[in-house]
Each structure stands twice: as C-alpha cells, then as structure tokens.
Protein chains: 2
Amino acid sequence: MSLERLIGRLQAVNDLSPMERDQLLGLPIKLKQFADGEYILREGDTATHCGAVVSGYVFRQKIVGSRSQILALYVPGDIPDLHTLHLPRMDHDLCSVGPSTVAFIPHSDLHSLLTSSAPLTHVFWRDTLTDGAVFREWVAVLGTLSALSRIAHLFCELAFRLEVVGLLRNNSFEFPFTQQNMADACGLSVVHVNRMVQELRSRGLIEWKKGEVLLLNRGELETLAEFNADYLHIDDDTRRI
Amino acid sequence: MSLERLIGRLQAVNDLSPMERDQLLGLPIKLKQFADGEYILREGDTATHCGAVVSGYVFRQKIVGSRSQILALYVPGDIPDLHTLHLPRMDHDLCSVGPSTVAFIPHSDLHSLLTSSAPLTHVFWRDTLTDGAVFREWVAVLGTLSALSRIAHLFCELAFRLEVVGLLRNNSFEFPFTQQNMADACGLSVVHVNRMVQELRSRGLIEWKKGEVLLLNRGELETLAEFNADYLHIDDDTRRI
DNA sequence: CGAAGTTTTGACACGGATCAAGTGAGGTGG
DNA sequence: CCACCTCACTTGATCCGTGTCAAAACTTCG
C-alpha cells in the first residue's frame with residue numbers, strides 16, 4: 001500500500017486505532033511519479049492536494065536573491081505539504097531529487113476526514129509541529145555550527161529519520177543528492193562542501209559513492225554534529241488525546 | 001483584556017464568529033510577569049499550560065555547544081509555546097527580554113475548547129503553521145544572506161509583525177534587545193553586529209537608542225533584507241473552513 | 001564517442017570571528 | 001549626590017574559515 005510508510009511513522013508516536021488506520025487507508029489517492037529535479041509545487045501555487053512521499057526524496061527550496069536555499073528534506077512517509085491544508089498558498093518550491101513517487105490526497109477529503117475525527121486531527125497537527133521542530137533545529141545548525149558539523153548534521157538527521165521508516169540498512173542509505181544540493185541545504189559553496197565531505201571521508205566517518213551513503217561511525221559523527229534526536233520527538237511517550 | 005491582542009491577530013486572518021471570540025475570552029487565564037532574562041520554560045520541561053504574550057517580548061533559544069542561538073522572537077498576541085499542546089516536552093528555552101507579561105491557559109482547558117470547536121482547532125493549528133513558516137524563512141535568511149541583510153531582515157520582520165498587533169507607531173517600536181541578543185539571533189559575533197548596526201545607521205536606514213528603534217526607510221531596508229512578507233501569511237484570504 | 005553535469009584541485013580574496021582595550025551609561029551604596 | 005561597579009557598546013588589529021574563480025578529472029548518458 002502506498003500509505004503504509006506514512007501510517008507506520010504516524011503509528012510510531014501516535015497509537016492509532018484500527019479504525020483510524022482504516023480511515024487513512026480509505027482516503028482516495030492518486031499516485032504520481034516525478035523525475036529528478038521536477039517540481040511538485042512552486043512558490044505562489046495554491047495547493048488543492050496534500051502529497052505523501054511514497055518513494056524517493058523531496059525537498060523544499062526557497063530562492064533568495066541569486067541563491068537557492070534548501071529548507072528541508074523529506075523521505076518516504078512524510079507529507080511535505082501538509083501545511084497547505086491551512087496555508088494553501090506556497091511560499092517556496094517543492095522539488096524531487098532523483099525519481100520519486102508521491103500519493104496525492106485532495107484537501108476536501110482530508111478536511112472531511114479530519115472534521116469527523118478529532119484524534120486524527122491531532123495526529124496530523126502534531127505531524128506539522130514536528131516538521132516545525134526540524135526547521136528550528138536547522139536554524140540552530142546554520143546559526144552556530146561550522147561547515148563540517150553542518151554536513152555531519154544533515155547525514156545524522158537523515159539517517160535517523162530513515163531508520164524510523166525502515167529505510168536504513170546497516171547505517172547505509174540511498175542518497176541521490178549532489179554536492180550542490182548539500183551546499184544549498186547547508187548555506188555553503190559547492191567547493192567547500194566538497195572539501196568537507198572529503199574531510200569526513202578521511203576521518204573514517206562516512207563513505208559515499210554512487211548515490212549511496214554509509215555512516216561508518218555514527219556516534220562520532222553525532223558528536224561532531226552536536227546531534228541530539230530529541231527535537232524529532234520520536235521517543236516522546238506515545239500519546240492519545 | 002489580556003487576550004485582546006491575541007484575538008485581534010487571529011481575527012486578522014481567520015474571521016472569528018462572535019461566539020468563538022467569547023469562547024476564547026472565556027478561557028481561564030493566569031497572568032504572570034517576567035523580568036528581563038527570566039526563563040518562562042526551559043529545555044526538557046514538560047509544559048502544562050500555553051502562554052499568550054500580553055506585553056513585552058519573548059524569545060526561543062537553543063544552546064548548541066558553547067553558543068546560544070535565538071530561534072524566534074515573539075510579540076504581544078503571540079503564543080510562543082502553543083506547540084506544547086501536542087509536543088509538551090520543550091526542546092529549547094523560552095525566555096523574556098525586558099519585562100513581559102504572559103497569560104497562561106491550562107492545556108486541559110484548551111483541549112476541551114478545541115474538542116468542542118473544530119473551527120477554533122483550525123485557527124490554532126493555522127497559527128502554529130505560520131510559526132513554522134517563520135522558521136523556514138529564518139533558515140533561508142541564515143543560509144543565504146550577509147550579516148548586514150540578516151540584521152535588516154530582523155528589523156523588517158519585527159516591524160511587520162508589530163504593525164499587525166498595533167504596536168508600530170510611525171515605523172518606530174520598542175526594542176529591548178541587546179546587540180548580544182541580535183548576534184545570537186543572526187548567528188554572528190557581537191562585534192560584527194555592532195559594526196553592521198552602525199552601517200545601517202550611517203546609511204540612514206535606522207535609528208536605535210534607549211530601547212527604541214525607528215525605521216527611517218522601510219522600503220530600502222526591505223530591499224536590502226530581501227524581505228517579502230508573504231511568508232507571514234497575513235494577506236492570504238481570510239478563510240473559514 | 002562526444003557532451004553535459006558533477007566532483008576535485010589549486011590559488012587567492014574577503015567577510016566575519018577573535019582578542020584586547022577603551023568608552024559610556026545605568027544602578028547601587030556610602 | 002557622588003564614587004564606583006557593572007554591563008553594554010564601540011574601536012582597532014589580526015586571523016581564519018569559507019567564498020570565489022578557474023581549470024582539470026571523472027562520470028553518466030545519449
């Protein structure tokens with residue numbers, strides 16, 4: 001099923017009832033494939049659907065002056081545009097990295113589901129809140145960390161989030177991003193990203209070839225990145241409101 | 001009334017019914033004063049109330065290694081810890097700048113109000129979403145802008161948000177922050193903030209003395225800051241779900 | 001096989017950090 | 001009411017992390 005990663009991830013922190021799971025599975029979805037670099041939504045668009053990532057990676061991007069800044073990365077199970085349910089006008093772009101599949105759900109169906117289910121409303125609200133927590137963490141990363149630590153942090157966060165949805169195998173994961181993408185995410189130049197990635201390699205912390213990253217020493221990498229997964233709110237007590 | 005700024009701000013984008021306004025005004029609140037630098041919540045705390053800022057300024061702060069990063073600023077009418085309704089464990093600090101007054105509402109009362117009112121649920125959900133949009137903007141600011149532009153951006157955003165709640169008079173507003181605070185917000189050193197503030201002064205863009213800032217040329221300041229208020233989602237069509 | 005994009009390397013420039021010291025203003029106590 | 005203390009602001013000198021520019025090596029794909 002297309003939404004199984006989404007449901008698994010929501011269930012990891014939310015204690016969904018079988019009925020709620022069925023309600024989610026009953027949502028009408030339209031699957032769509034995107035090619036590398038293809039836009040899912042652009043700044044200024046008014047969204048009428050929300051899209052759950054089924055496979056591949058997706059990122060949010062904002063153009064500031066002549067530069068582009070990647071605001072956040074999304075993995076299967078995420079709904080990168082869930083916020084459009086209440087703020088339909090996009091203030092940034094949503095873009096695919098590598099090929100991806102997205103399951104679109106009309107706002108109207110989501111609205112009626114949420115109107116009928118207060119618990120699911122809280123589940124989705126909570127989901128947008130952890131999304132916000134990730135942005136806060138990224139503000140802290142860009143405001144305080146060195147280039148090397150920023151890049152390490154990106155790897156740590158991605159590994160952690162992929163692990164939650166079962167896409168991390170032996171600390172290794174698919175990574176279709178270019179060094180230019182990483183530069184845009186970390187607020188650095190490509191040249192410097194390249195040197196820092198080499199530094200991580202030579203310290204024996206990562207391997208990265210052909211779109212696949214392997215974290216060789218996650219503990220040390222997390223120390224270097226000042227990474228603490230609390231902000232992802234995965235281990236908070238599973239709650240039922 | 002303590003919540004009037006909050007209600008005014010919510011109303012500016014949400015079209016509250018008289019009943020909903022009364023429901024908000026009926027919430028039990030406990031006013032509390034905070035002194036300069038006093039903590040409202042600390043990282044690790046589990047919140048049991050949400051606090052609406054009644055007067056003064058408040059900021060979120062995260063300690064990363066030996067540095068402190070200010071994540072966001074809040075003005076009267078904001079509820080900086082609204083997210084604790086669903087993520088009660090704080091992953092950062094909440095702190096007063098200058099003296100402030102906060103109106104605390106127990107989570108339990110908010111939960112029962114929201115359970116009984118789907119429209120108000122959406123109003124508050126939406127509010128946390130624009131909060132998230134501000135973090136995204138700040139990611140873009142830190143990732144792409146020069147020191148001078150970052151500082152300009154901070155002034156622009158603050159002026160805009162204060163205007164919404166009627167606290168901007170002739171482009172002038174109270175500003176109890178130190179240059180160290182600005183350095184923590186912009187990811188810069190105090191020394192450099194000082195030089196950049198002087199640069200803004202000498203360009204005739206701002207005046208700043210005794211806790212009061214005056215924007216002399218908002219248009220030019222916004223150009224310099226690449227500031228575009230769309231991300232604050234104030235002018236989106238007023239909506240009723 | 002050629003073309004285009006990505007990664008890598010080197011040389012150099014610059015924005016902003018750091019260190020250190022001095023100035024000024026508000027607050028307190030004698 | 002003045003002397004002092006503290007904290008914020010200011011200034012100058014120097015250093016370093018990262019950006020910029022340019023070109024080469026490698027990869028991928030048509």
Side-chain angles (χ1 to χ4, degrees), chain A residues 35-38 57 64-70 95-99 141-154 174-203 206-213 224-225, chain B residues 35-38 57 64-70 97-99 141-154 174-203 206-213 224-225:
Chain A
D36 182 41
E38 201 175 340
Y57 293 85
V64 182
S66 56
R67 289 206 184 138
S68 112
Q69 175 70 34
I70 290 180
C95 185
S96 179
V97 215
V141 164
L142 295 180
T144 63
L145 300 186
S146 68
L148 192 66
S149 299
R150 292 183 200 183
I151 292 170
H153 199 284
L154 191 153
E174 207 186 315
F175 192 76
F177 299 86
T178 65
Q179 295 189 357
Q180 180 65 62
N181 287 329
M182 299 191 69
D184 290 347
C186 297
L188 300 166
S189 68
V190 208
V191 172
H192 203 58
V193 165
N194 182 273
R195 294 195 235 261
M196 294 300 103
V197 166
Q198 287 176 60
E199 173 73 19
L200 290 176
R201 285 191 183 119
S202 76
R203 290 195 192 186
I206 68 162
E207 271 178 25
W208 175 14
K209 31 187 177 187
K210 301 194 183 206
E212 188 90 9
V213 163
L224 172 63
Chain B
D36 182 41
E38 202 175 339
Y57 293 85
V64 181
S66 57
R67 289 205 183 139
S68 112
Q69 175 71 34
I70 291 181
V97 217
V141 164
L142 294 179
T144 62
L145 299 187
S146 68
L148 191 67
S149 299
R150 292 182 201 185
I151 292 170
H153 199 284
L154 191 153
E174 208 186 314
F175 192 76
F177 299 86
T178 64
Q179 295 190 357
Q180 180 65 62
N181 287 329
M182 299 190 69
D184 289 348
C186 298
L188 301 166
S189 68
V190 208
V191 173
H192 203 58
V193 165
N194 182 274
R195 293 195 236 261
M196 294 301 102
V197 166
Q198 289 177 59
E199 173 75 19
L200 290 178
R201 286 202 261 246
S202 77
R203 291 197 192 185
I206 68 162
E207 270 178 26
W208 174 14
K209 32 187 175 186
K210 302 195 182 204
E212 188 90 9
V213 163
L224 173 62

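Reminder, nothing fancy here: chain letters follow the sequence lines and each chain counts from 1. If you're wondering where the values come from, they're calculated on a predicted model, not measured in any experiment.
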K.L.:
Show your working on side-chain contact (heavy atoms from CB on, under 4.5 Å) between A/Val197 and A/Ile206 and close with a plain yes or no.
P.N.:
CA-CA 8 Å; A/Val197 166; A/Ile206 68 162; 4.3 Å; yes

K.L.:
Rounded off to whole Å, could you give me the CD-to-P distance for the A/Gln180 and D/dT27 pair?
P.N.:
20 Å

K.L.:
Under 3.5 Å, is there an N or O donor on one side and an acceptor on the other linking the side chain of A/Arg195 and the base of D/dG17?
P.N.:
no

K.L.:
Between P on C/dT9 and CD on A/Gln179, what's the gap in Å once rounded to a whole number?
P.N.:
10 Å

K.L.:
Over how many whole Å does the gap from B/Glu199 atom CD to D/dT11 atom P extend?
P.N.:
13 Å

K.L.:
At 10 degrees resolution, what angle do the end axes of the helix from C/dC1-D/dG30 to C/dG30-D/dC1 form when each is taken over five base pairs?
P.N.:
40°

K.L.:
Please report the distance, rounded to the nearest Å, between NE2 in A/His192 and P in D/dG19.
P.N.:
6 Å

K.L.:
Checking the side chain of A/Ser96 only, and the main-chain atoms of A/Pro99 only, is there a donor and an acceptor separated by less than 3.5 Å?
P.N.:
no

K.L.:
In whole angstrom, give the distance that lies between atom CG of A/Asp36 and atom P of D/dT27.
P.N.:
19 Å

K.L.:
Specify the separation, in whole Å, of atom CG of A/Asn194 and atom C1' of D/dA25.
P.N.:
12 Å

K.L.:
When we call it a touch if two heavy atoms are under 4.0 Å apart, what does A/Thr178 touch: a base, just sugar-phosphate, or nothing?
P.N.:
sugar-phosphate

K.L.:
Check the phosphate of D/dT10 against B/Arg201, side-chain N and O only, distance under 4.0 Å to OP1 or OP2. Yes or no?
P.N.:
yes

K.L.:
Between B/Arg67 and C/dA17, does any side-chain N or O lie under 4.0 Å from OP1 or OP2?
P.N.:
no

K.L.:
One pair to check against side-chain contact (heavy atoms from CB on, under 4.5 Å): B/Ile151 and B/Glu199. What are the steps and the verdict?
P.N.:
CA-CA 11 Å; B/Ile151 292 170; B/Glu199 173 75 19; over 6 Å; no

K.L.:
Base, sugar-phosphate or nothing for A/Val191? Non-hydrogen atoms, less than 4.0 Å.
P.N.:
base

K.L.:
From the list C/dT8, C/dT9, C/dG16, which nucleotide is the closest neighbour of the side chain of B/Ser146?
P.N.:
C/dG16

K.L.:
For a quick test of reading the model, state the closest non-hydrogen atom pair linking A/Glu174 to A/Glu212 and the distance between them.
P.N.:
CA-OE1, 4.0 Å

K.L.:
Rounded to the nearest Å, what distance is computed from the CG atom of residue A/Leu188 to the P atom of nucleotide C/dG15?
P.N.:
17 Å

K.L.:
Of the nucleotides D/dC9, D/dT18, C/dA20, which has the atom closest to the A/Ala147 side chain?
P.N.:
D/dT18

K.L.:
Calculate the interatomic distance between A/Met182 atom CE and C/dG5 atom P; express it in whole Å.
P.N.:
21 Å

K.L.:
Can you tell me if B/Gln69 uses its side chain to pair, donor with acceptor, with the backbone of B/Ala185 under 3.5 Å?
P.N.:
yes

